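Chain identifiers are assigned alphabetically (A, B, ...) following the order of the sequence lines, protein sequences preceding nucleic acid strands; residue numbering begins at 1 within each chain. What you see is a predicted model; the values in this text were computed from it and never measured.
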2 protein chains.
Amino acid sequence: MSYKAVKLVTRPETDITPACFELVELDIPALEPGQILIKQTHMSLDPAMRGWMSAATDSYIPPVGLGEVMRSSGVGEVVESRNDRFPVGAKVAGMFGWREYLVSSGEGVSIMPQELPAAAILSVLALPGVTAYHGLMEVAKPKAGETLLVSGAAGSVGSLVGQIAKAEGLRVIGVAGSEEKCRWLVEELGFDAAINYKSEDLAQAVKAAAPNGIDIYFENTGGPVQHVAMANMSAFGRIVVCGVIADYNAATPAPGPSWTQIVKKRLSIQGFTMPDHMHRFGDLSQKVGAYLLEGKIKYRTHELKGLESAIEGINLLFTGANEGKLLVRL
Amino acid sequence: MSYKAVKLVTRPETDITPACFELVELDIPALEPGQILIKQTHMSLDPAMRGWMSAATDSYIPPVGLGEVMRSSGVGEVVESRNDRFPVGAKVAGMFGWREYLVSSGEGVSIMPQELPAAAILSVLALPGVTAYHGLMEVAKPKAGETLLVSGAAGSVGSLVGQIAKAEGLRVIGVAGSEEKCRWLVEELGFDAAINYKSEDLAQAVKAAAPNGIDIYFENTGGPVQHVAMANMSAFGRIVVCGVIADYNAATPAPGPSWTQIVKKRLSIQGFTMPDHMHRFGDLSQKVGAYLLEGKIKYRTHELKGLESAIEGINLLFTGANEGKLLVRL
């Protein structure tokens, strides 16, 4: 029996194009003792993939090798098993890659509760959730009553950062790229304010929404928001740099804000990437799961259909055209 | 009896000019019980003064009021006393201002050991010393064997940062603005390397001096060094932003480096200003004093003569023309 997979064959110079990938047919080998066969049902597309595709050796995890199946997290079902820990029918999650089937020893594969939808697993409990929780709670260390500004607020990490911050008693202002996203943030997720950076004067809108300054800026996007945030930080403010998606594709990244405010306001700026903290995945995932069970976290997904759809669809992340966590249903 | 003092009368828009100041003659009043009369012998000129002169209300301490005597630290001698804690003849240090004499209640005035030269007090133990110690040891938290890059390395703070770092077992690279300063850093202070940013290719020179990357960048100057430092940081590197003197005078401060490296390398950037930590002045000053006594710290001063010389002389700090800690001998 064969299945489809997508390999990385050319590294992107700036934008990701279909020429970066090759769709292949692979055979499913017979299982050896200890192995399981996973049929992937849902595959996650994430901004971090841009970094994994580039050759730069200074990134936080090694790049995907040329000719290797592209890296991704996903949810699936065990359809054959020669491993007692993983019965046939179990719902599992892990780094499965851009493929329909996967033979695994079970290492790095987690069994998930059957009743949890795959969309909730990939949107809330998986990378976005632990990233949002760690970045907000353990890097920024928020205090109730503080004001938080988050960019990419309607994105998978940003929407969770804002909701966790609300649950912790902060005033939350989101920046997003459409009226529809802004409405969703305020009306559905309970953000105190949302700013459409494409149609509003960002500097004016941030000042109006945070007249007493910003205590925490959670950076997901790069681009102009960081300059406005820096200009409006309160003394001893914290900036968490989780991603600068606007700059990942740029051959020459745009300059950042002047450092004068860093001294005047005694700001701290901390970059972090979740893979450094993967040993805490289970622990953090449980904490986010608690918010989910308490009904404090909502999510929405943008679903593509079929493995091939990822090849063009990944760029929705970089244009911001996705409305919700980007998934591929296989 | 009268004495000379210098008041701030106009705030600088960009550069500090003589028109900012007015030289006045003031009368020494008769002492009331509890008061002392201090004759200031040495007055310190520091980059932070530019901030104290501007009206911006978001700085770390309130600006000097228009019509008030300009703020500064200094060393002097008690010449009259109606306060038992301060006998006539005592050597004292404090925020005395741009004036020859000062009547004080003794609050904020410290008695210094007679054998310590005023130059050592103002160059090492006072603001520069505690700033260097706190910024390096408590903000950057260096480990022996790490590589440190410091800008403004021949300046009052930079030269102490480098020497304390050497005493702690780090590899130290300084950036300064003349051959003479670079020679002094390497030959007298024991820096491992020094780079003349005015004559060398900064990017190339930093790469050559720190082939394995920079673990700690101590920022004293702003300007081009921060961009090169950022590009050469090691993973989990720490940047301490102590001052951006090149930007204080600018009407529009230059942009900073792109934030992409902050995520890729998981860098932390921390701004700090010493006045936040003044309650620890005595404690920190003792720690720096220990290095001084062990002969691990050298300093040099650039002395101006007479109160009036400060009016033009303060700009030596902003052109980098001073060779050593800038003082005025009264």
Which heavy atom of [X] sits nearest a heavy atom of [Y], and at what distance?
X	Y	value
B:Arg266	A:Gln270	O-NE2, 3.9 Å
A:Val263	B:Thr273	O-CG2, 3.4 Å
A:Ala254	B:Ser258	O-CB, 3.2 Å
B:Gly256	A:Pro255	O-CB, 3.4 Å

Residue A:Gln204 excluded, over 12 heavy atoms near CD under 6.0 Å: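 Open: at most 12 neighbouring heavy atoms sit under 6.0 Å from CD of A:Gln204.
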When A:Gly222, A:Pro257, A:Ser234, A:Pro253 are compared by non-hydrogen pairs under 4.5 Å with chain B, the top option: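 Answer, by heavy-atom pair count under 4.5 Å with chain B: A:Pro257.
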side-chain contact (heavy atoms from CB on, under 4.5 Å) between B:Trp259 and A:Ile239, worked out: CA-CA 11 Å; B:Trp259 284 10; A:Ile239 296 175; 3.8 Å; yes
Per-pair distances, 0.1 Å, donor-acceptor, side chain in residues 130-137 of chain B, under 3.5 Å, sequence neighbours excluded:
residue, atom, partner, partner atom, Å
B:Thr131, OG1, B:Leu127, O, 2.6
B:His134, NE2, B:His277, NE2, 3.4

Residue B:Ala235 versus chain A: region with a heavy atom under 4.5 Å: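 For B:Ala235, there is no contact with chain A at all, as no heavy atom is under 4.5 Å.
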Pairs of heavy atoms under 4.5 Å with chain A: top-ranked of B:Glu219, B:His227, B:Met230, B:Arg238: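 Among the listed options, the one with the most contacts to chain A is B:Glu219.
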